[in-house]
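Working notes for the structure below.
Below, chains carry the letters A, B, ... as their sequence lines are ordered, and counting in each starts from 1.
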Number of protein chains: 2
Amino acid sequence: MSQNDGVTRPLTRRPGRPLGGQLDVSRDVVLDAAERVIARDGANASIDAIAAEAGVTKPIVYDRVGSRADVATALAERLSERMAVAARSALGGRGFTRSSLASFIEANLRTVVDHRDLFLYVTGGSTDQTSLGRLVLAEQSVTPLAKALQNWRQRAGLDPSVADSWAYGMVGMLQMASLWVIGSPSANPRVVADQLAELLWYGLVGERRPDEQSNNYDP
Amino acid sequence: MSQNDGVTRPLTRRPGRPLGGQLDVSRDVVLDAAERVIARDGANASIDAIAAEAGVTKPIVYDRVGSRADVATALAERLSERMAVAARSALGGRGFTRSSLASFIEANLRTVVDHRDLFLYVTGGSTDQTSLGRLVLAEQSVTPLAKALQNWRQRAGLDPSVADSWAYGMVGMLQMASLWVIGSPSANPRVVADQLAELLWYGLVGERRPDEQSNNYDP
DNA sequence: CGAGGGAAGTTACCACGAGTAAGAAAGTGC
DNA sequence: GCACTTTCTTACTCGTGGTAACTTCCCTCG
């Protein structure tokens with residue numbers, strides 16, 4: 001819409017099918033373009049801008065990917081895949097230890113920092129009726145995590161029914177921490193990751209201690 | 001705009017200053033109307049609808065409260081205040097124990113469930129440039145929690161520098177768990193709260209155990 | 001007591017973005 | 001050669017946030 005300034009100017013091209021056969025613009029090409037636009041212009045990227053970056057027009061985007069929510073979901077898949085890769089590489093086949101938990105968290109935080117605006121686009125609302133879309137997209141991280149937790153708890157002889165709650169809780173914790181780290185340059189991902197690992201570790205491994213220990217906490 | 005259907009119908013009132021002195025529409029009246037609209041029509045409530053519910057027009061809303069983001073922030077203040085009240089009442093002056101932690105979490109979850117659409121409105125994007133607004137608004141819960149954590153850790157002789165990370169992390173955990181509970185009717189707030197308390201408790205109270213215990217976890 | 005100025009709202013508008021309908025050019029089959 | 005299909009573009013509708021311009025009332029001052 002921004003290049004349609006002069007009505008008097010003759011159109012560079014009349015509408016119709018392009019000359020050289022099919023426009024070879026696949027779904028992935030559109031999504032690549034979306035990522036470029038978001039990285040360049042920020043998280044409030046319009047479908048028009050994405051289409052322009054891909055060298056096509058809006059209906060192509062709708063045909064190849066879908067609505068804006070679909071674009072966000074597709075990009076969420078990409079981002080969570082990247083986070084999984086980073087996390088796996090950070091763990092490097094080590095067993096599940098406190099320090100590997102910290103590495104896992106740190107890898108997630110750093111991936112978000114590296115894809116700051118993509119993260120904001122993906123977690124950023126679209127208040128439609130699908131404000132629950134954020135959940136749908138979080139589930140891309142939640143589902144494998146819940147599965148891993150469940151397997152591990154089961155093998156360790158611990159109650160596996162906590163897997164879902166914990167997975168949602170941990171993903172939410174990571175998302176909020178990421179948002180915080182993104183927003184405040186003073187926050188150091190390594191330190192934050194270590195502190196969150198400290199918070200989670202003892203609960204994860206099923207440490208027990210006598211209940212009802214009063215510390216005189218006043219919220 | 002929805003009641004302006006008939007152009008032929010004479011206006012009920014010409015523009016201008018109202019007859020009976022000042023229109024007694026305070027900021028709180030507007031915010032009350034906003035809550036009613038959101039509760040009735042869902043989280044995707046427009047400023048027009050809010051104004052209509054308050055019996056005024058859009059510019060009044062902008063004068064009394066501000067932009068849409070300001071409305072969301074103001075409503076976030078109200079919601080977080082309500083959550084704090086519910087949590088305090090659930091704790092009832094008990095000390096900080098595992099079961100009181102579970103009560104705290106459960107109170108939060110139930111408050112969100114009771115104000116489902118308000119929660120969705122408040123946490124629901126508005127991708128402007130202030131997608132970080134979600135963080136700003138989360139800080140209404142984070143700040144007091146961080147303060148409490150810091151005081152408590154200090155008095156208990158534990159490292160207080162974890163307070164910020166933990167507060168952001170816990171608020172994120174609560175928000176995501178709330179979203180999940182809202183979306184899936186099968187999730188029981190009491191059970192989820194207990195499970196999350198289980199996850200957090202041992203880390204919060206500073207349980208120590210020999211590091212590097214391998215459980216052969218494979219993410 | 002009448003005119004001017006400010007206070008307080010309303011109408012009407014703009015900008016902009018999501019999503020879609022209608023139409024035009026290139027290719028395809030008979 | 002002509003209808004038909006495919007594939008794309010243009011141009012539109014619709015809803016919403018935000019604002020400008022204008023209208024009316026009241027209060028004060030000469």
Side-chain angles (χ1 to χ4, degrees), chain A residues 1-7 9-26 29-30 34 37-38 41-52 54-72 121 124-130 133, chain B residues 1-7 9-27 29-30 34 37 41-52 54-72 121 124-130 133:
Chain A
M1 295 299 176
S2 53
Q3 68 245 31
N4 192 9
D5 36 51
V7 189
R9 170 177 54 81
L11 299 173
T12 58
R13 201 176 140 349
R14 311 267 300 279
R17 185 171 183 165
L19 298 84
Q22 183 167 347
L23 244 184
D24 196 19
V25 175
S26 68
V29 170
V30 172
V37 167
I38 290 168
D41 300 343
N44 51 347
S46 68
I47 300 287
D48 276 304
I50 293 171
V56 295
T57 53
K58 216 170 10 170
I60 299 291
V61 175
Y62 280 85
D63 178 63
R64 301 295 195 274
V65 184
S67 71
R68 190 202 159 92
D70 295 324
V71 173
Y121 185 91
S126 78
T127 327
D128 311 3
Q129 59 219 27
T130 53
Chain B
M1 293 299 173
S2 53
Q3 71 246 28
N4 191 8
D5 37 52
V7 190
R9 170 176 55 79
L11 298 173
T12 58
R13 203 178 138 348
R14 312 265 301 278
R17 184 169 184 167
L19 299 83
Q22 183 165 346
L23 242 186
D24 197 18
V25 175
S26 68
R27 174 185 168 93
V29 170
V30 173
V37 167
D41 300 344
N44 51 347
S46 67
I47 300 287
D48 275 305
I50 292 171
V56 295
T57 52
K58 217 169 11 169
I60 300 293
V61 176
Y62 280 85
D63 178 64
R64 300 296 195 276
V65 184
S67 72
R68 190 201 158 92
D70 295 324
V71 173
Y121 186 90
S126 77
T127 327
D128 311 5
Q129 60 219 28
T130 52

Whether A:R64 contacts D:dT7 is assessed here as follows: a side-chain N or O lying under 4.0 Å from the phosphate OP1 or OP2. Is that the case? no
Side-chain N or O of A:T57 closer than 4.0 Å to phosphate OP1/OP2 of D:dC8: no
Output the rounded distance in Å from [atom1] ([X]) to [atom2] ([N]).
{"X": "B:D48", "N": "C:dA12", "atom1": "CG", "atom2": "P", "answer": "14 Å"}
{"X": "B:R68", "N": "D:dG17", "atom1": "CZ", "atom2": "P", "answer": "5 Å"}
{"X": "B:D63", "N": "C:dT10", "atom1": "CG", "atom2": "C1'", "answer": "13 Å"}
{"X": "A:K58", "N": "D:dT13", "atom1": "NZ", "atom2": "P", "answer": "14 Å"}
{"X": "A:I50", "N": "C:dG17", "atom1": "CD1", "atom2": "C1'", "answer": "12 Å"}
{"X": "B:I47", "N": "D:dG17", "atom1": "CD1", "atom2": "P", "answer": "5 Å"}
{"X": "B:Y62", "N": "D:dA20", "atom1": "OH", "atom2": "C1'", "answer": "14 Å"}

Which pair of non-hydrogen atoms, one from A:D41 and one from A:N44, has the smallest distance, and what is that distance? O-OD1, 3.8 Å
Over all heavy atoms of both residues, which pair between B:V37 and B:A45 is shortest? Give the atoms and the distance, please.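 Minimum heavy-atom separation between B:V37 and B:A45: CG1-CB, 3.6 Å.
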Counting only N and O atoms by type, is there a donor-acceptor contact under 3.5 Å from the side chain of A:R64 to the main-chain atoms of A:V30? no
For A:I60, is there any backbone N or O sitting under 3.5 Å from a side-chain donor or acceptor partner on A:D63? no
Proximity to the side chain of A:P59 - top-ranked nucleotide from C:dT11, D:dG18, C:dA21: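 Nearest listed nucleotide: C:dA21.
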Quick one: which of D:dG17, D:dT9, C:dA18 gets closest to the side chain of A:I60?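 Ranking D:dG17, D:dT9, C:dA18 by closest atom to the A:I60 side chain puts D:dT9 first.
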Inter-end axis angle, the helix from C:dC1-D:dG30 to C:dC30-D:dG1, with every axis fitted to five base pairs (rounded, 10 degrees):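 It comes to 30° between the two terminal axes.
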Could you measure the distance from the NZ atom of A:K58 to the CD1 atom of A:I47? Nearest 0.5 Å is fine.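 Going from the NZ atom of A:K58 to the CD1 atom of A:I47 covers 8.0 Å.
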